Asks: 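If you scroll down you'll find the structure; I have some questions about it.
Since the model is a prediction, treat every value here as computed from it, not as a measurement.
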Amino acid sequence: MGDATVLTNAPYFTHSHGSGFQEVWYMKLNDVASGRALWLRLTVLQRMDKSKEIAEVWAIFFERDNTETKKVAIKNTWPIAEFKADDTEGLHIAHTCLLAARTEGHVHDDAHSLRWDFSFSPRTNAQFDFVPALLPRLKVVKNKATTVHEDLCFDGWCEVDGVRYDWAEAPGMQGHLAGPRNGHSWAWGHCNCFVDDATAAPAPVVWDGLCARAPLGRGAAPPLTSMFFQIGNERYEVNTLRDAFRTRAQYDYDGFTFRVSKRGTVFEGRVSARLADYAGVTYEDTDGSHLYCHNSKISDMTLRVLGSDGTDNTYSSTGGVAYEVVSRQPHPEVPLLL
């Protein structure tokens, strides 16, 4: 990937920005052996009429066992003046920061408190742009949707309600979104902690997938699917318009299924999600409308890879998959925690 296409966390938002803009930086990491996962999110929001201009830090801690899923969700909101960014010091919102190789922060409310301090480094230098290159040039899509780091390794700790959890070489990722308004609805998933079903050994496999519908008048455009796969040293980017017409994908609250072909290799995937594993959170769009994110970082997945050389391999992850369904209506059986 040349320098001209390197994806970064450099903000598109400036304090002299016009009206109507939202930007998001998010991270997730898993400790599959313990059933724990952590989701961190830094955002800025400017309504179209400028009646609201805020910066926020979000965090959700997940812990799944055989009987239940613990979820601690917190969001803190500040005036947008608390958002600061520069080339050397990274991003800051109040006392939370996202730097080139480190994040530290603290959120709290009347019921809960969550602190963290992590360093991170790429296990492989992989990035992905979900938006087909032709669409921004045609001004059909104005939003940015990128994964800056597909395959990270986190070391550090978090403290949830006074209980400390240490994380060592935890697999994770980090993404960056921006634009004048949110998409209409979407499903997104990511996993970089697979095992090879044939050997039960950890597998160098990464999957990142998005199926999104853009706003269109009072409704929504047809869904557009983009995906990234890494199998060992081979990478497959499924993000052209031709790919979109050839990809078969379906999603709901129970999971995400797809069949994708790229360079003669076929990928068949199934993400499985449980309602009990979702944390419901509310997003605000720049026009003041709401979206509802049904957020799990502890879902399951099976990925079958049929190679162009005749190989047939299956990989799976139990409790190590990020999966989100974002819609304009909340699911009645998923409590909204934020």
Asks: Between Asp129 and Thr146, do the side chains contain an N or O donor and an N or O acceptor separated by less than 3.5 Å?
Replies: no
Asks: How close do Ser299 and Ser272 get, counting heavy atoms only, and between which atoms?
Replies: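 Closest approach of Ser299 to Ser272: CB-O, 3.4 Å.
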Asks: Under a 3.5 Å distance rule, please check whether Asn30 uses its side chain to pair with a backbone N or O of Lys297 as donor and acceptor.
Replies: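 Looks like yes, one N/O pair under 3.5 Å.
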Asks: Ser226 side chain to Asn239 main-chain N or O, any donor-acceptor pair under 3.5 Å?
Replies: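 No, the answer is negative, given that no donor and acceptor are paired below the 3.5 Å cut-off.
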Asks: Who passes side-chain hydrogen bond (donor to acceptor under 3.5 Å, both in side chains) against Asp155, sequence neighbours left out?
Replies: none
Asks: To the nearest 0.5 angstrom, please state how far the CZ atom of Phe21 sits from the CE atom of Met48.
Replies: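 The distance works out to 12.0 Å.
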Asks: As an exercise, state the distance from CZ of Arg270 to CD of Gln250, rounded to the nearest 0.5 Å.
Replies: 9.5 Å
Asks: Trp157: what forms a ring pair (Phe, Tyr, Trp, His ring centres under 6.0 Å) with it, not counting sequence neighbours?
Replies: none
Asks: Counting N and O atoms only, with roles assigned by atom type, does the side chain of Thr282 sit under 3.5 Å from a partner on the main chain of Leu338, one being a donor and the other an acceptor?
Replies: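 Judged by distance alone, yes, a pair lies under 3.5 Å.
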Asks: What are the two closest heavy atoms between Cys153 and Glu169, and how far apart are they?
Replies: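 Heavy atoms of Cys153 and Glu169 come nearest at SG-CA, 3.2 Å.
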Asks: My understanding is that only residues two or more places apart in sequence, or in another chain, count here; which of them pass ring pair (Phe, Tyr, Trp, His ring centres under 6.0 Å) with Trp25?
Replies: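 Listed in chain order: Phe83, His176.
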Asks: Tell me, do Leu38 and Leu114 make a side-chain contact under 4.5 Å, heavy atoms counted?
Replies: yes
Asks: State, to 0.1 Å, how close Val205 and Leu303 come at their nearest heavy-atom pair, and which atoms those are.
Replies: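 Heavy-atom minimum between the residues: CG1-CD2, 4.0 Å.
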Asks: Give the minimum heavy-atom separation between Lys28 and Gly320, together with the two atoms involved.
Replies: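 Smallest heavy-atom distance, with atoms named: NZ-O, 3.7 Å.
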Asks: Is there a donor-acceptor pair under 3.5 Å between the side chain of Ser34 and the backbone N or O of Asp31?
Replies: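 At least one qualifying donor-acceptor pair exists.
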Asks: With rounding to the nearest 0.5 Å, note down the distance linking NE2 in His149 to CE in Met27.
Replies: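 With rounding to 0.5 Å, NE2 (His149) is 10.0 Å from CE (Met27).
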Asks: Roughly how far, to the nearest 0.5 Å, is CG of Leu152 from CZ of Phe154?
Replies: 5.0 Å
Asks: Going only through I, L, V, M, F, W and Y residues with side-chain contacts under 4.5 Å, is there a path from Val271 to Val32?
Replies: no
Asks: Salt bridge check, Arg263 against Glu234: does any charged N sit closer than 4.0 Å to a carboxylate O?
Replies: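 Counted as a salt bridge, because a side-chain N and a carboxylate O are separated by less than 4.0 Å.
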Asks: Which atom pairs, one a donor and one an acceptor, fall under 3.5 Å between side chains of residues 206-215 and the rest of the protein, sequence neighbours left out?
Replies:
{"residue": "Asp208", "atom": "OD1", "partner": "Trp188", "partner atom": "NE1", "Å": "2.9"}
{"residue": "Asp208", "atom": "OD2", "partner": "Thr147", "partner atom": "OG1", "Å": "2.7"}
{"residue": "Arg213", "atom": "NE", "partner": "Ala221", "partner atom": "O", "Å": "3.1"}

Asks: How long is the gap from OG on Ser317 to NE2 on His190, to the nearest 0.5 Å?
Replies: 11.0 Å
Asks: Given the rule in the side chain to side chain contact (heavy atoms under 4.5 Å, CB included) test, do Thr265 and Phe229 qualify, once you have shown the distances and angles that lead to the verdict?
Replies: CA-CA 11 Å; Thr265 297; Phe229 302 90; over 6 Å; no
Asks: List the residues meeting side-chain contact (heavy atoms from CB on, under 4.5 Å) with Glu68, not counting sequence neighbours, and say none if there are none.
Replies: Asp65
Asks: Can a donor-acceptor pair be found, under 3.5 Å and without considering hydrogens, that links the side chain of Thr103 to the backbone of Cys97?
Replies: yes
Asks: Which heavy atom of Val107 sits nearest to which heavy atom of Asn76, and what is that distance?
Replies: CA-OD1, 3.3 Å
Asks: Taking only Lys NZ, Arg NE, NH1 and NH2, and the carboxylate oxygens of Asp or Glu, determine whether Lys75 and Glu56 approach each other closer than 4.0 Å.
Replies: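 Judged by the 4.0 Å cut-off on N to carboxylate O distance, Lys75 and Glu56 do form a salt bridge.
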Asks: Would you please name every residue forming a side-chain hydrogen bond (donor to acceptor under 3.5 Å, both in side chains) with Asn125, sequence neighbours left out?
Replies: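 Checked Asn125 against side-chain hydrogen bond (donor to acceptor under 3.5 Å, both in side chains); zero matches.
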Asks: So that I can tick it off, tell me whether Asp117 and Arg115 are bridged by a salt bridge, with the cut-off set at under 4.0 angstrom between side-chain N and carboxylate O.
Replies: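 Salt bridge between Arg115 and Asp117, a charged N being under 4.0 Å from a carboxylate O: no.
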Asks: Which value, rounded to the nearest 0.5 Å, describes the distance between Leu291 atom CG and Asn182 atom CG?
Replies: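 The distance works out to 5.0 Å.
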Asks: Verify the ring-centre separation between Phe128 and Phe228: is it less than 6.0 angstrom?
Replies: yes
Asks: So which pairs with a foot in residues 327-337 pass salt bridge (Lys or Arg N to Asp or Glu O under 4.0 Å), sequence neighbours left out?
Replies: Asp285-Arg328
Asks: By ring pair (Phe, Tyr, Trp, His ring centres under 6.0 Å), which residues pair with His294, not counting sequence neighbours?
Replies: Tyr253
Asks: Examine the side chains of Glu104 and Thr96 and answer whether a donor and an acceptor come within less than 3.5 Å of each other.
Replies: no
Asks: Could you name each residue pair satisfying ring-ring contact (aromatic ring centres under 6.0 Å, His included) that touches residues 305-329, not counting sequence neighbours?
Replies: none
Asks: Not counting sequence neighbours, which residues clear ring pair (Phe, Tyr, Trp, His ring centres under 6.0 Å) with His108? List them please.
Replies: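 His106.
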Asks: Does the Asn143 side chain pair with the main chain of Arg181, one donor and one acceptor, at a distance under 3.5 Å?
Replies: yes
Asks: For Asp277 and Ser296, indicate whether the former's side chain and the latter's backbone hold a donor-acceptor pair under 3.5 Å.
Replies: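 Not at all, since once roles are kept as given, no pair shorter than 3.5 Å links the two residues.
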Asks: Could you name each residue pair satisfying ring-ring contact (aromatic ring centres under 6.0 Å, His included) that touches residues 43-69, not counting sequence neighbours?
Replies: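 The answer is Trp58-Tyr283, Phe61-Tyr165.
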Asks: Distance-only, no hydrogens or angles: does the Glu324 side chain make a donor-acceptor pair with backbone N or O of Ala187 under 3.5 Å?
Replies: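 No, because the side chain of Glu324 does not come within donor-acceptor range (under 3.5 Å) of the backbone of Ala187.
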Asks: Show the nearest heavy-atom pair for residues Thr69 and Ala276, with the distance to one decimal.
Replies: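 It is CB-O, 3.8 Å.
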Asks: Could you list the residues that satisfy side-chain contact (heavy atoms from CB on, under 4.5 Å) with Lys52, not counting sequence neighbours?
Replies: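 Residues passing side-chain contact (heavy atoms from CB on, under 4.5 Å) with Lys52: Leu45, Arg47, Ile54, Glu284.
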Asks: Do other residues, nucleotides or ligands put more than 12 heavy atoms under 6.0 Å from Asp86 CG?
Replies: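 Yes, the 6.0 Å shell around CG holds more than 12 heavy atoms from other groups.
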Asks: Hey, is the main chain of Pro180 close enough, under 3.5 Å, to the side chain of Thr286 for a donor-acceptor pair?
Replies: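 Answer holds: yes.
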Asks: Take Tyr251 and Val325 through the test side chain to side chain contact (heavy atoms under 4.5 Å, CB included) and record every step on the way to the result.
Replies: CA-CA 8 Å; Tyr251 72 85; Val325 178; 4.1 Å; yes
